[in-house]
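Comments concern the structure below.
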Amino acid sequence: MLSKILKHRKNIRQYMRYMRQSLTVKQQYNASIQISHLACNYTLIRKAKNIAVFLPFDGEINTYPFILKLWLNNQKVFLPIINSVHNKTLLFAHFTSKSILYCNQYKIFEPYFHTQDIISTSDLDVIIVPLVAFDKTGARLGMGGGFYDICLKDWRKKNILPVGFAYNFQLVHNIPKQYWDISLPVILTPDQISFFGS
Ligand SMILES: Nc1nc2c(c(=O)[nH]1)N(C=O)[C@@H](CNc1ccc(C(=O)N[C@@H](CCC(=O)O)C(=O)O)cc1)CN2
Ligand SMILES: Nc1ncnc2c1ncn2[C@@H]1O[C@H](COP(=O)(O)OP(=O)(O)OP(=O)(O)O)[C@@H](O)[C@H]1O
């Protein structure tokens with residue numbers, strides 16, 4: 001029954017958002033520690049100098065323990081900013097313990113920034129990508145804004161590694177793909193690291 005309903009993008013989004021919003025504080029905490037541990041032991045993340053992460057909203061995986069570890073390893077952390085000039089594009093701004101945050105139109109925290117805090121996407125080594133659901137091929141469904149699909153369009157050419165962060169239950173049988181969808185080569189969940197494609 002559930003597999004029939006979860007054939008449509010809208011239904012997958014609704015169901016997975018409800019599921020992640022329903023997690024207890026303890027479940028969220030455990031997942032955040034486990035994923036941070038796995039991520040920091042993954043060589044390509046450990047070696048990254050510049051890494052884009054996201055701040056959690058809507059029940060997403062809590063990335064704060066991971067960000068703290070990156071800071072302790074002297075890695076530079078960047079956060080996505082919705083570009084108000086170029087609709088649909090993301091900017092990535094340097095995030096430090098001194099950054100001041102504000103809430104954007106979706107109630108997601110973004111840092112106040114100066115022009116010099118913005119990094120060119122091609123200078124990022126790793127982009128940690130939020131997602132609502134994924135499948136066994138690495139196909140990804142996001143919040144429906146198209147922001148990450150646009151930003152990850154040329155990730156191979158730019159030599160950036162996109163890494164999805166998700167709960168184990170966000171894996172579905174099949175994401176009905178659209179031509180613009182960018183699949184992920186690596187997805188981390190609290191239980192495991194999964195590699196897809198070539
Ligand atoms: N933590 C985090 N930051 C992120 C993203 C994300 O998925 N997670 N994004 C990933 O792209 C971008 C924000 N994208 C978003 C797209 C849609 C909605 C959203 O809530 N849409 C509403 C309808 C909005 C409206 O009424 O205008 C909805 O679907 O209910 C939120 C964020 C950039 N920052
Ligand atoms: N490369 C692109 N260029 C222009 N528009 C795009 C591109 N990729 C996606 N879009 C547009 O973005 C809209 C939302 O796409 P989609 O539903 O796949 O977003 P999403 O992957 O769930 O969201 P996000 O990437 O922000 O998490 C679509 O209507 C699509 O037309």
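Counting from 1, the numbers follow the sequence of the chain as shown. Numbering of ligands and ligand atoms starts at 1, following listing order.
Of the protein's heavy atoms, R13 NH2, 3.0 Å lies nearest to atom 17 (O) of ligand 2. Atom 12 (C) of ligand 1 has F147 CD1, 3.8 Å as its closest protein atom, hydrogens excluded (heavy atom only). Among all protein heavy atoms, the one lying closest to atom 23 (O) of ligand 2 is G146 N, 3.0 Å. For atom 9 (C) of ligand 2, the closest heavy atom belonging to the protein is W180 CD1, 3.2 Å. The closest protein non-hydrogen atom to atom 11 (C) of ligand 2 is K88 NZ, 4.0 Å. Distance from atom 8 (N) of ligand 1 to its nearest protein heavy atom, with residue and atom name: E60 OE2, 2.8 Å. For atom 21 (O) of ligand 2, the nearest non-hydrogen atom of the protein is D149 OD2, 2.8 Å. Nearest non-hydrogen protein atom to atom 25 (C) of ligand 1 is Y106 CE2, 4.5 Å. The shortest contact between atom 9 (N) of ligand 1 and any protein heavy atom is with Y148 CE1, 3.8 Å. Residue, atom and distance of the protein heavy atom nearest to atom 33 (C) of ligand 1 are L90 CD2, 3.8 Å. For atom 16 (C) of ligand 1, the closest heavy atom belonging to the protein is M143 CB, 3.6 Å. In this structure, atom 26 (O) of ligand 2 lies nearest to the protein heavy atom F147 N, 2.8 Å. The shortest contact between atom 3 (N) of ligand 2 and any protein heavy atom is with I150 CG1, 3.8 Å. Shortest contact from atom 29 (O) of ligand 1 to any protein heavy atom: R17 NH1, 3.3 Å. Scanning the protein heavy atoms around atom 4 (C) of ligand 1, the nearest turns out to be I108 CD1, 3.7 Å.
Only the backbone of L55 comes within 4.0 Å of ligand 1, counting heavy atoms alone; no side-chain atom from C-beta on gets that close.
Ring-plane geometry between Y106 and F147 is classed as perpendicular, the angle between the planes exceeding 60 degrees on a 0 to 90 degree scale with a lower cut at 30. Ring geometry for F165 versus F66: interplanar angle of 30 to 60°, hence tilted. Using cut-offs of 30° and 60° for the angle between ring planes, the F134 and F196 rings count as perpendicular.
Within the 4.0 Å cut-off (strictly below), a protein heavy atom is located near atom 18 (C) of ligand 1. Distances from atom 22 (C) of ligand 1 to the protein include no heavy-atom value under 4.0 Å.
Side-chain contact between I128 and V126: present, with at least one pair of heavy atoms (C-beta onward) separated by less than 4.5 Å. For the pair F109/P56, no side-chain contact is recorded, criterion being any heavy-atom separation below 4.5 Å from C-beta on.
Side-chain atoms of K88 come within 3.5 Å of backbone N or O of G145 as a donor-acceptor pair. Counting only distance, with no hydrogens or angles, the side chain of S99 and the backbone of F95 share no donor-acceptor pair below 3.5 Å.
Applying the 4.0 Å criterion to heavy atoms of R9 picks out, from ligand 2, the atoms 16 (P), 17 (O), 18 (O). Against a heavy-atom cut-off of under 4.0 Å, D181 is close to the following atoms of ligand 2: 18 (O). Listed by atom number, the atoms of ligand 2 under 4.0 Å from G144 heavy atoms are 14 (C), 17 (O), 19 (O), 20 (P), 22 (O), 23 (O). Taking a cut-off of under 4.0 Å to the non-hydrogen atoms of K153, the atoms of ligand 2 that pass are 1 (N). In summary, the atoms of ligand 1 found under 4.0 Å from a heavy atom of F57, numbered by their order in the structure, are 1 (N), 2 (C), 6 (C), 8 (N), 31 (C), 32 (C). Close approach of ligand 2 to Y148 (heavy-atom distance below 4.0 Å) involves ligand atoms 24 (P), 25 (O), 26 (O). Remark: ligand 2 atoms within the under-4.0 Å shell around heavy atoms of R140 are 21 (O), 24 (P), 25 (O), 27 (O).
Under a hydrophobic clustering in which Ile, Leu, Val, Met, Phe, Trp and Tyr are joined whenever their side-chain heavy atoms come within less than 4.5 Å, directly or via other members, I67 and L44 fall into the same cluster. Hydrophobic cluster membership differs between I118 and V77, with clusters built from Ile, Leu, Val, Met, Phe, Trp and Tyr side chains linked at under 4.5 angstrom.
Screening R9, R140, K153 against D181 for a salt bridge (Lys or Arg N to Asp or Glu O under 4.0 Å) leaves a single residue, R9. In summary, of the residues considered (R156, K158, K157), a side-chain contact (heavy atoms from CB on, under 4.5 Å) with I160 occurs for K158 alone.
Residue-to-ligand polar distances keep P130 apart from ligand 1: every N/O pair is separated by 3.5 Å or more.
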Does the side chain to side chain contact (heavy atoms under 4.5 Å, CB included) test come out yes or no for I82 and E110, once each step is laid out?
CA-CA 9 Å; I82 293 175; E110 294 183 351; 3.8 Å; yes
